[in-house]
Amino acid sequence: MASVHESLYFNPMMTNGVVHANVFGIKDWVTPYKIAVLVLLNEMGRTGEAAVSLMERRRLNQLLLPLLQGPDITLSKLYKLIEESCPQLANSVQIRIKLMAEGELKDMEQFFDDLSDSFSGTEPEVHKTSVVGLFLRHMILAYSKLSFSQVFKLYTALQQYFQNGEKKTVEDADMELTSTEESERKMEKEELDVSIREEEVSCSGPLSQKQAEFFLSQQASLLKNDETKALTPASLQKELNNLLKFNPDFAEAHYLSYLNNLRVQDVFSSTHSLLHYFDRLILTGAESKSNGEEGYGRSLRYAALNLAALHCRFGHYQQAELALQEAIRIAQESNDHVCLQHCLSWLYVLGQKRSDSYVLLEHSVKKAVHFGLPYLASLGIQSLVQQRAFAGKTANKLMDALKDSDLLHWKHSLSELIDISIAQKTAIWRLYGRSTMALQQAQMLLSMNSLESVNAGVQQNNTESFAVALCHLAELHAEQGCFAAASEVLKHLRERFPPNSQHAQLWMLCDQKIQFDRAMNDGKYHLADSLVTGITALNSIEGVYRKAIVLQAQNQMSEAHKLLQKLLIHCQKIRNTEMVISVLLSVAELYRRSSCPTIALPVLLQALALSKEYRLQYLASETVLNLAFAQLILGIPEQALSLLHMAIEPILADGAVLDKGRAMFLVAKCQVASAASYEPLKKAEALEAAIENLNEAKNYFAKVDCKEQIRDVVYFQARLYHTLGKTQERNRCAMLFRQLHQELPSHGVPLINHL
């Protein structure tokens, strides 16, 4: 990984400017950075325990491992890291390096001669078999093998390394003097977050085998646990290209390149890197050495399986099926049951839209348990639960199945699947309309710590399930009118999953949907219409549905009806029951607003039947509300009121604030309509009760800033106060109505009948 000329660094595998293919045949070589680390180790040995406090020595010991294993960094950065741990020692190291770089070649020779004294004596400063001892011995051995010309080149590189470090230190000092306190803090953050990861890595020479392996494992771990701490896709690819330039057959580097390309959804490059990984795995003989001739076939079948998974991820299902058939054929020839189990799982993924796919899934789970594959068995159970949830099975049976899978997770410490299980429970409770239970599960996932050990400062649980739980949390808060809390959750999501990360689309869609709902509540239909494009780009079905809602709100009924009919046919075809019910409710509302409530009734009954069949309690309650409103319009308020008593409890317990307001508004309307035939005293009591319900509805609408609904409520209240002879209250409501009516457009629909 060299951004400066490679001739500055000694590379024992380079002859006449040509790098040998097996560059990692040599374990380590000497570079100016490693000389600086040797000086640090030497100074730590020379400094007595009294001169360095216990805390400083502890910080230095924690610093040593990343310095020994990591790639070379600039001298100024090294000074800063040492100074943060022990300022006194940083000064000593700086003086020693300066004397060596500004002195003569013999000073460096003498320094390496003195290093071997660390192992001498009855109680040596460093044990030979320790991490530091092995590093010292490797450096001494590598230095002793250098020819005179190579030693001179190394010394010249050390002088250049020192001069670059001095320039950087002077520049930093000048910038600190001329900048304000705010810019100082910004500079420090940039140096800590960016320099160490991008600029400093690129300043090193070709990595040794240990450094390369450490770099690859570190970046792979960061991509899995905390993508924000890893190098940016472009920087990581640049470093991998430099690494592969020195060793094209380094298979692990090709695999990390494959993972990196997946981050940016680059199908061509990711396929290219994946094929290169398996090609190099076969060429190096790593598989065949351990498994004989079987190793060659093993690489081929897993290459085909991974290729199928890659195509499936990008939606290339036909190519994925062909690759999967190839993997199955090779696995059957080799009698590899483990590979066949993985293939069976992917067969379900490719064919999960078929009606008989659950049979394949059940068979996959049984086989996975039989062959002792807990990860695959648990994933199968999770998929089975998801499928049964969409098929309308009861929640208690699904939770029992998830409990069985949780036992597998905890028994085998499968932390990733524990997170998936909790996120699955959150989604199931929301699907069934139990927002309180969904909120509890999401909070449980957020409060959990990962079972996997990660480095300090690395965020845990940075997985798709964690992003899903946070998105549910943001939507649940927005539904209750807590938009500030929802914004905080989305802000956290942006920081943890940047726009270029692979799970960023989840929070992007969530953010767009919340903004859309707020714009619709506020009556800003032009703003909501502009958000539809972004929603469609992330989820085409959701985008079309919301476009129809905007058209309906703008009184473009014919266009909205055409769009909803097309969407209904498509959703029925792909068996998206939840969206089918939502579309049916929108179609019924369209008929009702077009003064055709009788046509809306069969549509609502169809939606209610689907909601009951698939046990979607919340959608069923919403459908009953619409049925009650249709009955109110048709002049049967008593039946509408009895229907409301059936549906209002789930709405008030788990519903969104907007739906609670609509329900209370409808109750008030039914109470007023039913009171028309009452005697005067009883009628006055009914109207007073209706006014109380209207006040409650108004409070709900105010939480979500739904001005259009507030306008309808105060209009209705003014009419009721006028009937009761309360002039002062009537005038107050009338004035508020006038203000809102001037601010908002009118749809030409009788306000008294608008839900």
* To do: Starting at CG of L567, measure out to CD of Q572 and round the result to the nearest 0.5 Å.
  => 10.0 Å

* With a 4.0 Å cut-off, would you call E479 and R430 a salt bridge? -> yes

In residues 602-614, what donor-acceptor pairs under 3.5 Å come from side-chain atoms, sequence neighbours left out?
residue : atom : partner : partner atom : Å
S611    : OG   : A607    : O            : 2.8

* Asked: Should the pair E362-K366 be classified as a salt bridge under the 4.0 Å nitrogen-to-oxygen rule?
  -> no

* Asked: Do N693 and Q671 have a side chain donor and acceptor closer than 3.5 Å?
  -> yes

* **ring-ring contact (aromatic ring centres under 6.0 Å, His included) contacts touching residues 563-585 (sequence neighbours left out)** => none

* Mind checking whether H561 and Y591 have ring centres under 6.0 Å apart? -> yes

Distance-only check: which donor-acceptor pairs under 3.5 Å involve side-chain atoms of residues 392-405, not counting sequence neighbours?
residue : atom : partner : partner atom : Å
T394    : OG1  : N396    : OD1          : 2.7
S405    : OG   : L402    : O            : 2.8

* Structure fact -> Those residues at least two apart in sequence (or on a different chain) that pass side-chain hydrogen bond (donor to acceptor under 3.5 Å, both in side chains) with N539 are none

* Asked: Can you check whether D654 reaches M437 side chain to side chain, under 4.5 Å on heavy atoms?
  -> no

* Asked: Is any side-chain heavy atom of K547 closer than 4.5 Å to a side-chain heavy atom of I535?
  -> no

* Asked: Considering only heavy atoms from C-beta outward, does the side chain of F466 approach that of R496 to under 4.5 Å?
  -> yes

* Sole residue of I381, V385, D406 in side-chain contact (heavy atoms from CB on, under 4.5 Å) with S421 -> D406

* To do: Classify the ring geometry between F701 and F665 as parallel (under 30°), tilted (30 to 60°) or perpendicular (over 60°).
  => perpendicular

* Ring-face cation of R518 near F483 (centre distance under 6.0 Å, axis angle within 45°) -> yes

* For Y618 and D659, test the side chains for any donor-to-acceptor distance below 3.5 angstrom and give the result as yes or no. => yes

* Asked: Among all residues two or more places apart in sequence or in another chain, which pass the side chain to side chain contact (heavy atoms under 4.5 Å, CB included) test with L527?
  -> A519, K524, S530

* Which residues share a salt bridge (Lys or Arg N to Asp or Glu O under 4.0 Å) with E488, sequence neighbours left out -> none

